[in-house]
Amino acid sequence: MNDDLQLPRAARIFVSFVALLRANGFSVAPEQTTSFLAAIELLGPRSLEHIRQAGLATLAPPPERRATYDRLFDIHFRGADAIEQADGEDEETVRLQEEGRGEDEPPLADEANESGLAAARAEALVERRFAQAATSDPLRKLSREAARRLPRRRGHRRRRARSGPFADLRRTLRDSVRNDGEVLRLGRMRRRQRPRKILFLIDVSGSMKARTEENMKLAHVLVQAAGNVEVFTFGTRLTRVTTALRLKRREQALSAASFLVSDWDGGTRIGDALQAFLAVPRFGGYARGAAVVIVSDGLERGDPAALRDAVAKLSRRAWRVSWLTPLATSPGFAPQTEALIAIRRFVDDLVDGGSSAAVVAHLLSLGTRRAA
């Protein structure tokens with residue numbers, strides 16, 4: 001390339017931000033990129049906020065995608081500090097009520113649940129990095145088949161059909177005019193099929209650390225393939241990560257989620273997490289009529305009664321509740337832990353969740369099932 005046509009070094013970070021927006025589904029014309037650079041030159045700029053406002057004015061992200069624009073801006077320009085809040089908490093994060101009286105000291109991140117086999121009570125706040133690995137076959141299958149195989153529900157609107165329980169009087173009368181007032185055939189209608197909501201709850205405690213990364217990648221594919229999916233993580237905190245996983249590029253989505261979630265590989269408090277989920281009206285509304293999928297081994301350190309009551313309430317709101325556990329290694333699996341025994345009668349499915357292939361197979365099979 002000619003040296004005269006090379007981009008100035010100072011401008012490359014701004015042009016690469018525009019490329020990032022395009023990669024995540026934003027429509028940005030070349031003229032808008034030029035205007036963006038001109039606005040930055042005009043402003044100085046003196047702060048990152050000036051650059052953000054210049055982008056809003058010239059790149060014109062749609063109002064409904066403003067949150068995504070802000071998230072991409074923070075990831076691109078601020079990196080690891082992007083998701084931190086002034087008070088250290090986020091409105092999408094619910095910290096669970098502390099257990100005990102403080103006698104137990106939280107373990108260091110390097111020492112917490114090294115084996116990944118034992119449930120822990122203490123809270124360990126750590127950050128997590130996700131490897132950049134190729135998409136596995138089960139995830140490609142989910143992306144390819146989700147649109148036609150994920151569960152659906154009957155909507156309230158009706159559509160024309162060859163047969164159906166409702167008469168289409170408007171079409172019948174219109175056809176009778178063409179036939180001199182004779183009704184030769186009664187038009188029929190049926191309800192439209194709409195995608196059913198999916199609520200995906202992921203256990204990120206130390207006992208599930210071997211599966212955490214694959215489960216988060218699977219959740220990202222699911223959010224990208226279906227527009228009505230909500231994803232939460234839980235361990236010693238309950239965190240909504242749906243917004244982060246809506247970023248198109250997997251590496252950026254998981255990076256955003258890694259900063260949102262602070263209880264990776266920590267303690268296990270499933271009952272408190274589900275109780276906290278149901279206690280927030282906005283969160284609890286996500287479960288109404290939804291296919292609820294909980295990926296957890298069920299190694300609960302808290303009171304099994306709290307877990308049992310939470311799952312019972314969840315089952316009354318949801319269309320179907322599925323509990324996927326790595327412990328269910330055979331078709332004739334019978335729960336042995338006190339927590340799984342307590343919730344068994346409230347869940348519709350208690351099946352294998354020890355691999356991406358098993359989780360994907362169960363998700364795609366939900367479209368052929370009915371609530372028990």
For this session: Taking salt bridge (Lys or Arg N to Asp or Glu O under 4.0 Å) as the test, write out the residues that go with R246, two or more places apart.
Result: E230
Exercise. Considering residues at least two apart in sequence or located in another chain, which fulfil the side-chain contact (heavy atoms from CB on, under 4.5 Å) criterion with P62?
Worked result: F26, E64, R65
Seminar exercise, completed: Residue set satisfying ring-ring contact (aromatic ring centres under 6.0 Å, His included) with F36, at least two apart, ordered chain then number -> none
Exercise. Any donor and acceptor pair, going by atom type alone, linking the side chain of N215 with main-chain N or O of V295 inside 3.5 Å?
Worked result: no
Exercise. Sequence neighbours excluded, which residues qualify as side-chain hydrogen bond (donor to acceptor under 3.5 Å, both in side chains) partners of S322?
Worked result: D349, H362
Exercise. What residues, two or more places apart in sequence or in another chain, satisfy salt bridge (Lys or Arg N to Asp or Glu O under 4.0 Å) together with R171?
Worked result: D168
Exercise. Taking only residues two or more places apart in sequence, or in another chain, which ones meet Q32 in a side-chain contact (heavy atoms from CB on, under 4.5 Å)?
Worked result: V28, A29, L59, A60
Problem set entry | L222 vs V231 side-chain heavy atoms within contact, under 4.5 Å | no
For this session: Kindly state whether the ring of F283 and the ring of F232 have centres lying under 6.0 angstrom apart.
Result: yes
For this session: Go through the structure and list residues passing salt bridge (Lys or Arg N to Asp or Glu O under 4.0 Å) with D70, not counting sequence neighbours.
Result: R52, R66
For this session: With sequence neighbours excluded, give me every side-chain hydrogen bond (donor to acceptor under 3.5 Å, both in side chains) pair touching residues 143-153.
Result: E145-R149
Exercise. How would you list, by chain and number, every residue that makes a side-chain contact (heavy atoms from CB on, under 4.5 Å) with S356, sequence neighbours excluded?
Worked result: P138, R211, E214, L218
Problem set entry | Residue pair I198 / A290: nearest heavy atoms and the distance that separates them | N-CB, 4.5 Å
Problem set entry | Which residues share a side-chain contact (heavy atoms from CB on, under 4.5 Å) with A244, sequence neighbours left out | A256, A257, L260
Exercise. With S355, which residues qualify under side-chain hydrogen bond (donor to acceptor under 3.5 Å, both in side chains), at least two apart?
Worked result: none
Problem set entry | Evaluation steps, salt bridge (charged side-chain N to carboxylate O under 4.0 Å, His left out), between D74 and R71 | CA-CA 5 Å; D74 289 338; R71 182 76 65 188; 5.9 Å; no
Check: residues 306-314 side-chain donor-acceptor pairs under 3.5 Å, at least two apart:
none

For this session: Could you tell me whether a side-chain N or O of D265 sits under 3.5 Å from a main-chain N or O of K209, the two making a donor and an acceptor?
Result: no
For this session: Would you tell me whether S35 and T58 have side-chain atoms, one donor and one acceptor, within less than 3.5 Å of each other?
Result: no
